[in-house]
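Chain A is the first sequence line, chain B the second, and so forth, proteins listed ahead of strands; every chain is numbered from 1. Note that these values count all heavy atoms, side chains included, but never hydrogens, waters or copies made by symmetry.
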Amino acid sequence: MAKRRPRQVDVAKHAGVSPAIVSLVLNGKTDDKIRISPQTVERVKASMRELGYMPNPIARSLATGHNRILGVFTYESVFPLQSENFYFPVLVGIEDEVEAQDYDLLLFTRSRRYAGRRSVYRDGVNQLLMADGSIVFGRDVAADEVARLHDEGYPFVSIGRVETDRPISYVATDYAGATFEVIEYLVGHAHRSIAYLGAPDRSVSYRDREGGYRMAHEHLGLALDERRVRYVDPETLRADDLQALLDGGATAIVCEHHRLAVALLRVARQLGLSAPRDFSLALLGEPPRAADSLANCTTFRIPLYAIGVEAVRLLARVLDGHEGPLRSTLSCDFVSGHTVATLAP
DNA sequence: AATCTTACGGCTTCACCATG
DNA sequence: CATGGTGAAGCCGTAAGATT
């Protein structure tokens, strides 16, 4: 039979004081309203040492209503290889900043059993309440859930802009601005017909990129030909598709994500074409570990680590009682690469 | 058998009190 | 009146116990 762990009341008895004093000594609250003689403080500390007393964190959070635990909830898998560890640097940033802010981290990776998709709620109960506050992220943060979290008053920060009418806090990435910069760069290399290859799934970050593409056309005085904007899966991309874009006059192609770019280079090879010799190519966001065929691709670097850090900082401020939504937009770094050539006149 | 009540877990904190 | 405390409510959910 293992000996029962000593509780606060045991320490109190041992030191000849009331449990309240033990609590106050434990939390160093000897300077405020309540005065405790230095001798008593020492006696209590000695008793705690002697009995090997450790406070019970569950009971503590029961009494205080908080536990200095931050949750991370992801709407998609973080660890499987298919995700190419895109979010890994984000998690590293979160971990580092959580440590710096003296919190603990709790990772929620719930099954899809309940709503057909991952959900914060289990049988209608917000599981994130186990933590003082949480960071939610994923390519498809569910707008309805986030709205509900907000309405319930649960403290959280979203990584990625969420389209909802609620004033939620988030860390956004300036995909529009970064894409604008890429288009500007292409235009600087004399391209005026730039095709856009996007994913069929129009999640927020993709639409932001496309917004930047369109904005650049407007601001740079380029004619936008809708036939050059294509939504396609990498698996279904055919050589014909590339041929059609080039026949239509496109001299440069931007890809929303790296699997599209890889697929594009594959079908180019089938046609005996390559970038930047036969067309220019830019990728709208660097893959975490650049795929071999994209090692020199013109792209931009997403500040994944900084996004994680910033999310924790915002959440910490929310938990410190900051009222109203906190929002940060981080910019990306342009990477010139070698897949864009200056177009001959 | 169904429904309602209470004790319990360990800790924090507010209101209050005895003594020199 | 300053010093050095004490007592008890309450945090929340569960399960055992009491009452119909």
Side-chain angles (χ1 to χ4, degrees), chain A residues 1-73 98-115 118-136 142 144-157 166 168-169 312 314-324:
Chain A
M1 246 307 247
K3 203 168 59 180
R4 190 174 108 279
R5 275 181 50 205
R7 296 172 303 215
Q8 208 170 64
V9 63
D10 300 319
V11 176
K13 279 182 190 144
H14 190 270
V17 292
S18 67
I21 293 299
V22 179
S23 174
L24 294 166
V25 169
L26 184 65
N27 295 296
K29 296 196 174 169
T30 50
D31 35 48
D32 305 1
K33 303 179 70 153
I34 286 152
R35 300 161 299 258
I36 309 172
S37 70
Q39 300 93 296
T40 304
V41 171
E42 269 320 302
R43 229 172 49 246
V44 169
K45 284 183 174 169
S47 294
M48 292 197 292
R49 275 196 302 275
E50 198 168 324
L51 300 180
Y53 170 73
M54 296 295 277
N56 180 332
I58 308 267
R60 270 186 151 171
S61 61
L62 181 60
T64 62
H66 56 255
N67 53 21
R68 286 201 81 77
I69 291 175
L70 299 189
V72 171
F73 182 90
V98 157
E99 194 178 339
Q101 303 259 355
D102 196 29
Y103 280 94
D104 278 302
L105 195 59
L106 186 57
L107 184 60
F108 293 88
T109 57
R110 302 257 287 96
S111 76
R112 289 152 209 277
R113 205 139 49 90
Y114 291 92
R118 283 198 182 189
S119 172
V120 162
Y121 294 92
R122 156 177 261 156
D123 298 332
V125 179
N126 173 9
Q127 295 295 301
L128 303 186
L129 283 167
M130 281 185 251
D132 287 352
S134 292
I135 293 166
V136 303
D144 56 335
E145 285 209 345
V146 162
R148 185 168 160 196
L149 283 177
H150 170 267
D151 294 348
E152 287 171 358
Y154 183 77
F156 72 98
V157 169
R166 312 301 201 285
I168 69 156
S169 299
V312 174
L314 293 193
L315 184 53
R317 284 180 60 198
V318 170
L319 292 175
D320 280 345
H322 182 96
E323 298 288 334

Report task. Under 4.0 Å between any heavy atoms, over every strand shown, what does A:V9 touch: base, sugar-phosphate, or nothing? Just pick one. Result -> nothing
Residue pairs passing the side chain to side chain donor-acceptor pair (under 3.5 Å) test with at least one member in residues 59-68 of chain A, sequence neighbours excluded, are A:N27-A:R60
Sorted by chain and residue number, the salt bridge (Lys or Arg N to Asp or Glu O under 4.0 Å) partners of A:D151 (sequence neighbours excluded) come out as A:R166
In whole angstroms, the gap separating P of B:dC11 from CE of A:M54 amounts to 11 Å
Letter by letter from the 5' end, nucleotides 12-20 of chain B scores (B base, S sugar-phosphate only, - none; protein heavy atoms under 4.0 Å) BB-B-----
- Residue pair A:V25 / A:V17, side-chain heavy-atom distance below 4.5 Å: no
In whole angstroms, the gap separating P of B:dC8 from CD1 of A:I58 amounts to 20 Å
With sequence neighbours left out, the residues meeting ring-ring contact (aromatic ring centres under 6.0 Å, His included) with A:F73 are A:Y75
Look at all strands and tell whether A:T40 reaches a base, only sugar-phosphate, or nothing, counting heavy atoms closer than 4.0 Å. sugar-phosphate
Sorted by chain and number, sequence neighbours left out, salt bridge (Lys or Arg N to Asp or Glu O under 4.0 Å) with A:D102 holds for none
Rounded to whole Å, the CG-C1' distance (A:D132 to C:dC11) equals 14 Å
By side-chain hydrogen bond (donor to acceptor under 3.5 Å, both in side chains), A:S134 pairs with (sequence neighbours left out) A:Y154
Residues pairing under salt bridge (Lys or Arg N to Asp or Glu O under 4.0 Å) where one sits in residues 7-26 of chain A, two or more places apart or in two chains, turn out to be A:R4-A:D10
A:Q127 CD to C:dG13 C1', in whole Å, measures 14 Å
Bend of the helix from B:dA1-C:dT20 to B:dG20-C:dC1 from end-axis comparison, five pairs per end, nearest 10°, comes to 80°
Residues at least two apart in sequence or cross-chain that pass salt bridge (Lys or Arg N to Asp or Glu O under 4.0 Å) with A:E152, listed by chain then number, are A:R148
Whole-Å distance, A:N67 CG to C:dC12 P, equals 13 Å
